[in-house]
Amino acid sequence: MNHPFLSSTLRELQIFTRSWRFWTTFTLVILIFVVTGPYGTLERMTFGVRFGYWLIVHAVTWTIAICLSIMAEILLRDRVNHTLARMMIGSLIAALPIGFALGAIDFAFVGHWTEMGDGFHRALFALPLCALFCLLTYTAMHRQIAEASAPPALVPAPAVSSASEPEILARLKPQNRGALLRLSVEDHYTDVVTSRGHELILLRFADALKELGLAPGLQVHRSHWVADAHVETLRRDGGKLVLIMKDGTEIPVSRTYMDAVRSRFG
């Protein structure tokens, strides 16, 4: 698929479908609504019906809100500077179709078709909820959204680079290229931390490790690699080992790598 708008939309949708934070929040919200039974559903519906009702309501409304937020975020990039503002516009626009979608869902469960006025009333009611949804989503996932919205790096690491410079540095923005300090897994991204900053790149951790080349360091956990020069000390925390980095960051050491870590840093 080569259409830039569709490609960008699908790339940002994957941020949500692959995020455990998103699915955890979605599940918790549904359970809260099922257990508390707001808007009279506790009295009018059995548990099974109430579960089905709120599952459909949230699946439909979240889908509409997410899709329109992402579409607005992409289409308004040349007109609105801030990502949150673009997403908020899309979320508020989503209130209108959400209002009528809620009417259709109610019709399916209770047999009453929502009148036009009721649909607009529901849309107005949905406005603050859409705004809150957008704010929470942006707060929890803005780094991943920003990374996905950036143009994909199509140029591989230059073959003429110095043998002492890890290939992975070529994937970073020029202002973030510096001495490697550590790598960490963050969802389906790798967080590359250097002496000049850090950057999320869309790269599997195993592939990121291959691009380190001969950089002096050690994988200490399935989700962490550290540079030798950036390790301050090794601390024992109960039966676990923790590496303290020079910037104060604590990196856990998994059992698989304990012997190697003790040998190098202990």
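Of all the heavy atoms in H188 and L202, the pair that sits closest is CD2-CD1, 3.7 Å. When all heavy atoms are compared, the tightest approach of V60 to A101 is CG1-CB, 3.9 Å. Contact detail for F265 and L234: the closest heavy-atom pair is O-CB, 4.0 Å. Of all heavy-atom pairs spanning G197 and N176, the tightest one is CA-OD1, 4.2 Å. Closest approach of A94 and L68 over heavy atoms only: CA-CD1, 3.4 Å.
Between R204 and T190, the closest side-chain pair of non-hydrogen atoms is not below 4.5 Å. Using a 4.5 Å heavy-atom threshold, the side chains of V261 and L243 count as touching. In this structure the side chain of S254 never reaches within 4.5 angstrom of the side chain of V220, judged on heavy atoms. The closest side-chain heavy-atom distance from L169 to L180 is below 4.5 Å. Residues T194 and R177 fail the side-chain proximity criterion, which asks for heavy atoms closer than 4.5 Å.
Note on L209 and L172: same hydrophobic cluster, where clusters join Ile, Leu, Val, Met, Phe, Trp and Tyr whose side-chain heavy atoms are under 4.5 Å apart, directly or indirectly. V29 and V57 fall within a single hydrophobic cluster, where Ile, Leu, Val, Met, Phe, Trp and Tyr are joined by side-chain heavy atoms under 4.5 Å apart, directly or via other members.
In this structure, CG in L212 is found 5.5 Å from CD1 in I168, a value given to the nearest 0.5 Å. Considering CG of L55 and CZ of F26, their distance stands at 5.5 Å, rounded to 0.5 Å. With rounding to the nearest 0.5 angstrom, the CE atom of M71 is 13.5 Å from the CD1 atom of I89. Atom CD1 of residue I56 and atom CD1 of residue I105 lie 6.5 Å apart, to the nearest 0.5 angstrom. In this structure, NE2 in H82 is found 14.0 Å from CG in L76, a value given to the nearest 0.5 Å.
The pair D237-K240 does not count as a salt bridge, with every side-chain nitrogen at least 4.0 angstrom from each carboxylate oxygen. With salt bridges taken as basic N to acidic carboxylate O contacts below 4.0 Å, one links R171 and E211.
Pairs engaging residues 52-72 under the side chain to side chain donor-acceptor pair (under 3.5 Å) rule: T41-W54, Y53-D106, H58-W62, S69-S91 [sequence neighbours left out]. Residue pairs meeting the salt bridge (Lys or Arg N to Asp or Glu O under 4.0 Å) criterion with at least one member in residues 38-59: none, sequence neighbours excluded.
When the side-chain contact (heavy atoms from CB on, under 4.5 Å) test is applied to R264, the partners found at least two apart in sequence or on another chain are L218, D228. Residues satisfying the salt bridge (Lys or Arg N to Asp or Glu O under 4.0 Å) test with R196, not counting sequence neighbours, are none. Scored by the side-chain contact (heavy atoms from CB on, under 4.5 Å) test, L127 finds L92, A95, L124 as partners (sequence neighbours excluded). Residues passing the side chain to side chain donor-acceptor pair (under 3.5 Å) test with H224, sequence neighbours excluded: S184. Looking at residues two or more places apart in sequence or on another chain, you find a side-chain contact (heavy atoms from CB on, under 4.5 Å) between S223 and V185, H221. Residues meeting the ring pair (Phe, Tyr, Trp, His ring centres under 6.0 Å) test with W225, sequence neighbours left out: none. Not counting sequence neighbours, the partners of V49 by the side-chain contact (heavy atoms from CB on, under 4.5 Å) test are M45, T46, F109.
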### Task
Please step through side chain to side chain contact (heavy atoms under 4.5 Å, CB included) for the pair L42 and T36, ending with a clear verdict.
CA-CA 7 Å; L42 184 64; T36 59; over 6 Å; no
### Task
Under the side chain to side chain contact (heavy atoms under 4.5 Å, CB included) rule, what do L203 and Y189 come out as? Steps first, then yes or no, please.
CA-CA 6 Å; L203 183 69; Y189 291 86; over 6 Å; no
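Alongside L28, the hydrophobic cluster contains no other residue (criterion: ILVMFWY side chains under 4.5 Å). Cluster note: L181 groups with V193 through ILVMFWY side-chain heavy atoms spaced under 4.5 Å, whether in direct contact or through intervening members.
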Show me the side-chain donor-acceptor pairs of residues 244-253 shorter than 3.5 Å, one per line, residues at least two apart or across chains.
residue	atom	partner	partner atom	Å
K246	NZ	A229	O	2.9
D247	OD1	T249	N	3.0
D247	OD1	T249	OG1	3.0
D247	OD2	R182	NH1	3.0
D247	OD2	T249	OG1	3.4
T249	OG1	R182	NH2	3.3
E250	OE1	R235	NH2	3.3
E250	OE2	R235	NH1	3.4

